[in-house]
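All heavy atoms count here, side chains included; hydrogens, waters and symmetry mates do not.
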Amino acid sequence: WNEAEADATNISDDVVEVMAERIHTLQPGAQDVLKIASCIGATFETSIIKNIMTEEASNEASLDRYLNTLAKQGLIIKMIRRDANHDVVQYKFSHDRIQQAAYSLLLKSEKEAMHFRIGRMLEKELSDTAPASLVFKTVDQLNRGAGCMTDRHEQIELAMLNASAAEEAYSACAFTPSTTYTQESLAILDNGVTAWRDHYTLALTLNNLLAELKYCQGNFNEAMEITQCIFKRANIFDDQFIAQKCNVKSMMLNGDFDAALTTSLRILRVLGEPLPKKPSMSAAVAGLIMTKKDIRKKSDEYISSLPPMTDERVVKCMDILAILARVTYLSGSDYFAIVIFKMIRLMLKYGHTDISPFAITSYGFLVYAILKDIKQADRFGQLGLSVASKATILRPSYIVYAYIYHWRYNVVLTLDPLITAYHEGLASGDIEFAGYSALTYNVHGFHSGQVSIQTITQGQKLCMQELTKAAKSSVSDLLRPVQQAAINLTSQCQDPVVLTGEVMDEEELLQRSTETANILLEYFLRMNVACVSYIFGDYDRASMQSLKIQDIADKFPSLYAINVQAFYDGLSSYALARTTNNHTKWIKRGRKMRKKFINWARDCPSNNTHTVLLLKAEDASLFALKSKKKREIAEQAYNAAILGATDSGFINAAAIASERAAE
């Protein structure tokens, strides 16, 4: 049997019949071994076969003889697996077609009975310390043999086993098998009025799990439908809480921010921690003052060593506040700062939850956004990461590298942590933060030039495939503009300055951002339009896009995208000063952008000094024909900008500076 050649050959389904006929020529005992093994799986141990076969054939010598015969004929392969301090003999089928052929020799009733017997044997080995793999094997076998169960008590026990397997699979982020086990369990219960009446706790657990699984797989509408069923059946608010959380998260990722905000505020009122009915500057300032007062004399060690939060009511509040923080940030709501300050004060009063790292790092970027205190922002960013390392929480890593790190350190250094956060997010089913990490990675990599345009386009295609279940969500929409911008730069388009093509329609996406009040989506869309418009020489369009989002930029002051927008805004302004009669207006705007970079360069020279020099050169070049001194200033500034951008890893900025110097 040449497995490599067999795999490379187009084998028709007829081969199963041929193999079945060959198996029929074997001794009855050898046939039985193959039939039983085919029900166990592609790999099997002999202990189960020994217990199931007839008394005569189960003689160890007889069984060994059959196994040797099958191995000599190339139907199975003997393997030795090292387990603890002893060797375990295993066998596997030489090819899956052989297993299929052996399995086809059993009648449906025989298969069912065999799976049931195997499942019962495996079930005897189950214990509280049994490995998850044994739980899965046992449940799989019993599910296939469920037709042999006529006693309702046995069926309910199987439903409970499926529930255990579903939870094990979910904890391992194996969402597809977890969904299968959950649905199998619900089918046994006949998920309806009777199930909720007779097995309330199990029905509640399974429905909560199924809703969360649908959310993790990006099926937000299905998740919300399941939560509505839970609300009808669950007796009290505490029993509804998990579904309430899932419901709000699904609303958010479906882009329904108003509903998510309203629902979150209602839940917080029920939990006894209401927020102001309407956000206001006075409420935000009051929150900042109270929070600074509470945290001012607390050392990092003190904060890191806070005890675990034990008040379940407050734990629930923290969960909802964390979701509300994302809702209000995405929609640009003034509630955002109020929410973060509330989380910090609750944490300091009641102790840590898994949400604490998110709260600490979010407070860090608010410190920079509001007070421009990069040292304190960096302090809380690093503190959040240190707390997160104990709780293995993913989100703080994204927050630090998307909102804080680049204001003090080179943005190129964020790329590896962000791509790691993306992969970890996918693996854990955290669609939201996987998408945000991918978006930030592309913005940082695209603007710096450290990630090639080809890599952006190809990587984004793979990313969108990974997130395909969430294709209509607010997260995937945010990914589209940078991908389309990269496509426009690498292929011929009808109009390269319009982001309409393979992955999006500019007008449709802009309309969707308006309908859902997703101003972050509008910001990223117009920022990328400004980028490609400048590169392709449409300076009017580039400047118009920047002007339309200048107010939105104030809502997201910590994003590196603010830096990117200001970069192209400044360059477009100087380009218009060169090519239009309204010199004064555009020079004034260009200098305004340069002033921003001068301020940013004080805290982070590596990300901003080359842009200060480039815009200085652009300014001086406007007067180079009339002034030799201005020409020299421009030449020196262009050269310094090229050198500085190259040294800091900003390949695109160095290229633009080189082009402008040559012109």
Side-chain angles (χ1 to χ4, degrees), residues 442-443 446-449 452-454 456-457 460 480-511 513-514 521-553 561-594 596-597 611 614-615 617-619 621-622 638 641 645 650-663:
N442 286 329
V443 171
F446 187 31
H447 179 60
S448 66
S452 70
I453 294 175
Q454 290 78 11
I456 294 286
T457 54
Q460 278 289 77
R480 298 182 192 281
V482 68
Q483 184 183 9
Q484 189 62 53
I487 292 170
N488 282 23
L489 290 169
T490 54
S491 60
Q492 290 186 343
C493 304
Q494 187 173 0
D495 190 344
V497 302
V498 177
L499 295 187
T500 295
E502 186 178 334
V503 298
M504 63 172 277
D505 181 291
E506 183 178 312
E507 288 302 317
E508 286 183 8
L509 198 59
L510 189 59
Q511 182 178 354
S513 73
T514 302
L521 174 58
E522 181 185 354
Y523 186 84
F524 275 108
L525 194 159
R526 293 193 186 278
M527 184 199 76
N528 281 284
V529 172
C531 169
V532 295
S533 296
Y534 174 81
I535 290 171
F536 286 111
D538 192 339
Y539 307 127
D540 277 319
R541 180 170 167 80
S543 182
M544 179 183 69
Q545 298 301 316
S546 289
L547 287 170
K548 285 187 175 182
I549 56 175
Q550 63 181 354
D551 291 337
I552 299 177
I562 305 301
N563 189 299
V564 178
Q565 178 221 341
F567 178 79
Y568 288 106
D569 195 349
L571 290 174
S572 299
S573 296
Y574 281 117
L576 288 169
R578 289 195 306 272
T579 57
T580 67
N581 294 324
N582 201 346
H583 308 291
T584 305
K585 171 187 173 182
W586 295 115
I587 290 173
K588 185 178 179 181
R589 183 157 186 85
R591 288 173 178 173
K592 181 180 179 181
M593 294 302 111
R594 183 181 169 221
K596 287 186 176 185
F597 281 97
T611 303
L614 176 55
L615 295 180
E618 290 283 86
D619 196 298
S621 70
L622 295 172
Y638 277 130
F650 285 82
I651 300 169
N652 288 350
I656 290 173
S658 297
E659 288 181 357
R660 289 295 305 125
E663 291 176 6

Test salt bridge (Lys or Arg N to Asp or Glu O under 4.0 Å) applied to R578 and E618, step by step: CA-CA 9 Å; R578 289 195 306 272; E618 290 283 86; 3.2 Å; yes
[X] and [Y]: which non-hydrogen atoms are nearest, and at how many Å?
X    : Y    : value
Q565 : Q550 : NE2-CA, 4.3 Å
Q545 : A530 : CB-CB, 4.0 Å
V532 : A485 : CG1-CB, 3.7 Å
R660 : S621 : NH2-OG, 4.0 Å
L509 : M504 : CD2-CE, 3.7 Å
P496 : N488 : O-ND2, 2.8 Å

Measure the spacing between [atom1] of [X] and [atom2] of [Y] and express it to the nearest 0.5 Å.
X    : Y    : atom1 : atom2 : value
Y638 : E663 : OH    : CD    : 8.0 Å
L571 : I535 : CG    : CD1   : 10.0 Å
L525 : L510 : CG    : CG    : 6.0 Å
E502 : S491 : CD    : OG    : 7.5 Å
I552 : S513 : CD1   : OG    : 8.0 Å
Q484 : N528 : CD    : CG    : 10.0 Å

Applying side-chain contact (heavy atoms from CB on, under 4.5 Å) to L615 and F567, what does each step give before you reach the verdict? CA-CA 9 Å; L615 295 180; F567 178 79; over 6 Å; no
Hey, what's the ring geometry for Y539 with Y534, parallel, tilted or perpendicular (30° and 60° as the breaks)?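 Tilted, since the angle between the ring planes falls between 30° and 60°.
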Side chains of [X] and [Y]: does their closest heavy-atom pair fall under 4.5 Å?
X    : Y    : value
D505 : L499 : no
D619 : R594 : no
Y574 : R591 : yes
R589 : L547 : yes
F446 : V564 : no
I549 : F524 : no
F597 : N563 : yes

Short question: side chain of [X], backbone of [Y] - any donor-acceptor pair under 3.5 Å?
X    : Y    : answer
R526 : K548 : no
T500 : E506 : yes
S543 : D540 : no

Test log, rule side-chain contact (heavy atoms from CB on, under 4.5 Å), inputs F536 and R541: CA-CA 10 Å; F536 286 111; R541 180 170 167 80; over 6 Å; no
Hey, is CG on N581 packed in by over 12 heavy atoms from elsewhere, all under 6.0 Å?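 Check fails, neighbour count at 12 or below.
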W586 and side-chain contact (heavy atoms from CB on, under 4.5 Å): which partner among T579, L622, L576?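 Only one of T579, L622, L576 forms a side-chain contact (heavy atoms from CB on, under 4.5 Å) with W586, namely L576.
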